[in-house]
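Presented below is the structure to which this report refers.
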Amino acid sequence: MSRIETIISELSSISNNPRKAMEDYKKETGKGSVGVMPYYAPEEIIHAAGFLPVGIWGGQKSISKARAYLPPFACSIMQSVMEMQLEGVYDDLEAVLFPVPCDTLKCLSQKWKGTSPVIVFTHPQNRKLEAANKFLAEEYRLVREKLETILNVKITDEALNQSIETYNENRKVMREFTDLAANYPQIIDPKKRHAIIKARFFMEKSKHTAMVKELNSELKSLPVEAFTGKKVVLTGIMAEPNEVLDILKDNGFAVVADDLAQESRLFRNDVPSGTDPLYRLAKWWQEFDGCSLATDAKKSRGPMMMDMVKGSKADAVVVCMMKFCDPEEFDYPIYYRQFEEAGIKSLFIEIDLETTSFEQTKTRVQSFSEML
Amino acid sequence: MTDTTAMSAKELLGFYQEELYEEARQAKKEGKLVCWSASVAPSEFCVAMDVAMIYPETHAAGIGARKGALDVLEVADEKGYNVDTCSYARVNLGYMELLKQEALTGITPEKLEKSPAARIPLPDFVITCNNICNTLLKWYENLAVELNIPCIIIDVPFNHTMPIPQYAKDYIAEQFKEAITQLEEICGKKFDYDKFLKVQEQTQRSVAQWNRIAALSSHKPSPLNGFDLFNYMALIVCARSKDYAEITFKKFADELEENLNKGIFAFKGNEQKRVTWEGIAVWPHLGHTFKGLKNLGNIMTGSAYPGLWNVSYTPGDMSSMAEAYTRIYINTCLDNKVKVLSDVISGGKCDGVIYHQNRSCKLMSFLNVETADILQKENGLPYVSFDGDQTDPRNFSPAQFDTRIQALDEMMKQNKEGVSNE
């Protein structure tokens, strides 16, 4: 097995088995893990406490117990998170960090069915005002205080600034990786690309950085081969389950960039420099744009995606629409119109973590491929 | 000017609703500014600047109640709006699309022509506030970009911990300042702080009369049916910063008090059981839901929804105003939400609770299971929930509603018999 294959295989294995990653971390450091709900929680604070931040993104499973607590029109990801709460999947977490940037998350933050303590905080939505930074820094100060109490550790400014640097380094390496992956679609297929990125949620970040850095340098040493398939940009919350990505691969598609909340949106901006770490983290949210969960009366998402398509020389955009996610559903008609006006082709596929039948997706992807 | 002194409250309600729409149409004709506003966004700033206001949620509810929703929902569907999103938003975005087509082509689209609701002019800018949902942020982003107009945002962060911290009030108050700056720019004139104070005082007088009406449902038997509040709500939304609301509500409260003194009650015959309705009305089926309850001898004397507009604060104090606009029960943690609803149920001396699982409103649906469970443990009252929607008529099944309220009725009867046997 080549070094590239080994790294990909290790990262894939971690992304497929968060529980083992948590156990390994405990063995290694003696410290536990803290859950991080979507979207955009400052996991640097957990890192600075020496604990392992673990991303909670649900999983592919059928919903039964959660039906008693959520009507069918709750988004697919939260249905699956609720199901796993009821199964006790998250009960080994020391705490759960819970942002509430949409109405569904506001409600879900009030009904955690697991045993871990939940720390809720609110992102401000009038984001471009200085007052929003102050508000969010104060929310983060309370998050830090609560974590210190629950975890029984002191989280210093110094440690936090250090963690921000560690995360910024990871963000930089990830941006480099997604750029490189676009040049080597024969090696980094859609599923592998996703696994490499997803592993970030279950690893101490500097370790993840080191592995991806090595992967990047191995990739760079290889010649770029001509790609005969079609290149696409993904947009949405996430592009799971893996079957969806396999369908893209089977139809000759390469993912050359993404605008997914689970992937590039997390690392396309660094946390800005400064002295007060909580203020720096708050400022990240102010500078962040192009996401359905971050209010933007200018709606820069469409133009940002069009730049992405241009920059990555993509042939089209694949809209990965999380079922029943209203923030994403509200963005769609606007950027769809902008794409049409600009002559950018797009394919709409529904993301449903409960589904086991992918025939419809397959048919849509196939006919889209023929159309391009 | 029309003499309104001899009008009944019901006549005043109709008169002022039409007057508000006419003022907006007239403003547009004269080249004055028109603003579309979220229903619980602070109205004080725009009214102080003499901007004509339109409230899309009320307008959408009106379209729904007049059975005109499907036509405009179809326009939104065609634009790519998912049928799972809020039907108020879809009705309004569909309607906006028709207005836009008309403005661009000079031809009135057929669906607009035959829409049963009042004609409204397109806005010159919009103002939104997320105290009743984040959907209002997404919806108004889209209005602003589709019409290429300014959007004033008042963000009131979800209160996960009560009481509301000062730093949250400070953040909101800072946004009030920003809104004033934006308005000065949009209107091309200085903000009139003296008038603003008067508008704040007017708003408080309107709210006081509104609360006076709501409090009357605590009488047993009640002179007020909660469904009336659903109708009068139009003015607490659209005119709370004008005397229209105060005049109408005062008249209505006076009428109800007079009825109470004369022994005239809302339920003709004998009210048997009293219910709390949790959630927004099912506008396209308002008659069915009202009659369904009435036929079983039930009257609605509790609803937390009208309380959303209980924006009591101290005029002149921005921090107090910030608190009033953020403390709305659906913008607070479950504990507080339950406490508010508990007060509504006991205030209305209710025998049971109906929860509207509203397909359009995730925020007012996803905590119903927990809310109902906690409240039942606390007060022992039976409850049911039904599937509905505020304006999409397709998401409500009359038969399911009837079955559920019959079940509730049975449980309430048993409960009452149990109590009387003790």
Side-chain angles (χ1 to χ4, degrees), chain A residues 68-75 78 98 100-111 118-132 134-139 141-142 292-293 295-299 302 321 323-334 336-338 348, chain B residues 76 79-82 84-86 89 93 126 128 130 133-135 137-142 144-146 150-161 165 167-168 170-175 177-178 330-331 333-335 337 357-370 385 387:
Chain A
Y69 300 98
L70 277 177
F73 53 97
C75 66
M78 287 309 138
F98 213 124
V100 292
C102 70
D103 293 330
T104 301
L105 283 166
K106 287 181 200 169
C107 293
L108 269 283
S109 76
Q110 301 300 304
K111 54 191 280 178
V118 172
I119 302 171
V120 187
F121 72 95
T122 309
H123 285 101
Q125 291 292 349
N126 208 345
R127 300 180 305 120
K128 301 298 170 185
L129 303 184
E130 178 52 24
K134 280 193 205 154
F135 171 82
L136 189 53
E138 192 56 27
E139 285 283 277
R141 193 183 63 73
L142 293 171
S292 60
L293 296 147
T295 301
D296 173 12
K298 292 192 173 64
K299 285 280 219 226
M321 184 58 74
K323 201 175 176 183
F324 296 116
C325 171
D326 44 337
E328 284 288 314
E329 287 168 346
F330 270 103
D331 275 3
Y332 177 73
I334 305 293
Y336 177 75
R337 173 178 61 74
Q338 292 166 339
F348 180 104
Chain B
K79 291 295 287 181
Y81 286 97
N82 198 302
D84 303 321
T85 51
C86 166
L93 288 158
V126 291
T128 193
N130 55 342
C133 64
N134 275 22
T135 296
L137 297 172
K138 300 308 295 177
W139 169 2
Y140 278 65
E141 274 181 2
N142 288 14
V145 77
E146 288 289 13
C151 178
I152 298 176
I153 297 169
I154 305 293
D155 167 40
V156 295
F158 177 67
N159 295 296
H160 49 76
T161 311
Y167 68 90
D170 291 346
Y171 165 50
I172 299 163
E174 278 299 316
Q175 294 176 76
K177 283 189 203 159
E178 175 66 17
I330 48 174
N331 196 42
C333 59
L334 180 62
D335 285 351
K337 191 186 171 197
Q357 283 293 89
N358 184 346
R359 186 92 182 190
S360 269
C361 190
K362 293 177 168 67
L363 191 60
M364 292 192 80
S365 297
F366 290 178
L367 283 171
N368 281 352
V369 174
E370 288 72 17
S385 72
D387 301 315

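So you know, we letter chains A, B, ... as the sequences are listed, proteins then strands, and number each from 1.
Among A:E328, A:E329, A:K323, the one residue that satisfies the side chain to side chain donor-acceptor pair (under 3.5 Å) test with B:N82 is A:E329.
Chosen from A:A68, A:P72, A:A74, the residue pairing most often with chain B at heavy-atom distances under 4.5 Å is A:A74. No other option in B:E178, B:E174, B:K337 has as many heavy-atom pairs under 4.5 Å with chain A as B:E178. With chain A as the partner, the residue from B:H160, B:Q175, B:Q357 showing the most heavy-atom pairs under 4.5 Å is B:H160. Ranked by heavy-atom pairs under 4.5 Å with chain A, the list B:C361, B:A144, B:C333, B:C151 is led by B:C333. Between chain A and the residues B:V369, B:L334, B:L367, B:N368, the most heavy-atom pairs under 4.5 angstrom are made by B:L367. Annotation: maximal heavy-atom pairing with chain A below 4.5 Å, among B:K79, B:R359, B:M364, occurs at B:R359. When the candidates B:N142, B:N159, B:V126, B:D335 are compared by the number of heavy-atom contacts under 4.5 Å with chain A, B:N142 comes out ahead.
Listed for the A:D103 side chain is a donor-acceptor partner under 3.5 Å among the backbone atoms of B:N134. Without hydrogens or angle criteria, A:E138 side chain to B:Y167 main chain gives no donor-acceptor distance under 3.5 Å. Side-chain atoms of A:K111 come within 3.5 Å of backbone atoms of B:F366 as a donor-acceptor pair (strictly under, hydrogens ignored). Without hydrogens or angle criteria, A:T122 side chain to B:F158 main chain gives a donor-acceptor distance under 3.5 Å. A donor-acceptor pair under 3.5 Å is formed between the side chain of B:D155 and the backbone N or O of A:Q125.
Summarising the geometry, atom CG belonging to B:N130 is positioned 12.5 Å from atom SG belonging to A:C102; distances are rounded to the nearest 0.5 Å. Of the inter-residue distances, the one linking B:D84 atom CG with A:F73 atom CZ reads 9.5 Å to the nearest 0.5 angstrom. Between atom CG of residue B:L137 and atom OG of residue A:S292 there is a gap of 11.5 Å, rounded to the nearest 0.5 Å.
At a threshold of 4.0 Å, the pair B:K138-A:D326 does not count as salt-bridged, since none of the basic side-chain nitrogens sits closer than that to a carboxylate oxygen.
When heavy atoms are compared at a cutoff of 4.5 Å, A:A132 approaches chain B by way of both its backbone and its side chain. In this structure, the portions of A:E139 lying under 4.5 Å from any heavy atom of chain B include both its backbone and its side chain. Residue B:A76 does not touch chain A at all, counting heavy-atom pairs closer than 4.5 Å. Contact annotation for B:I172: neither backbone nor side-chain heavy atoms come within less than 4.5 Å of a heavy atom of chain A. Looking at A:S109, the atoms closer than 4.5 Å to chain B (heavy atoms on both sides) all sit in the side chain, from C-beta outward. There is no contact between A:K134 and chain B, counting heavy-atom distances below 4.5 Å. B:T161 touches chain A through its side chain: at least one heavy atom from C-beta onward sits under 4.5 Å away, while N, CA, C and O do not.
For the pair B:E141 and A:D331, the minimum side-chain heavy-atom distance is below 4.5 Å. A heavy-atom distance below 4.5 Å is found between the side chains of B:T135 and A:F330.
Heavy-atom minimum distance, B:V145 versus A:K298: CG2-O, 4.2 Å. Residues B:E146 and A:I334 share a closest heavy-atom pair of OE2-CD1, 3.3 Å.
Relative orientation of the B:Y171 and A:F135 rings is parallel, given thresholds of 30° and 60° on the angle between their planes.
For A:Y336 and B:Y81, the ring centers are positioned 6.0 Å apart or more.
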Legend entry - Trace of the side chain to side chain contact (heavy atoms under 4.5 Å, CB included) decision for B:I153 with A:T295: CA-CA 9 Å; B:I153 297 169; A:T295 301; 3.8 Å; yes
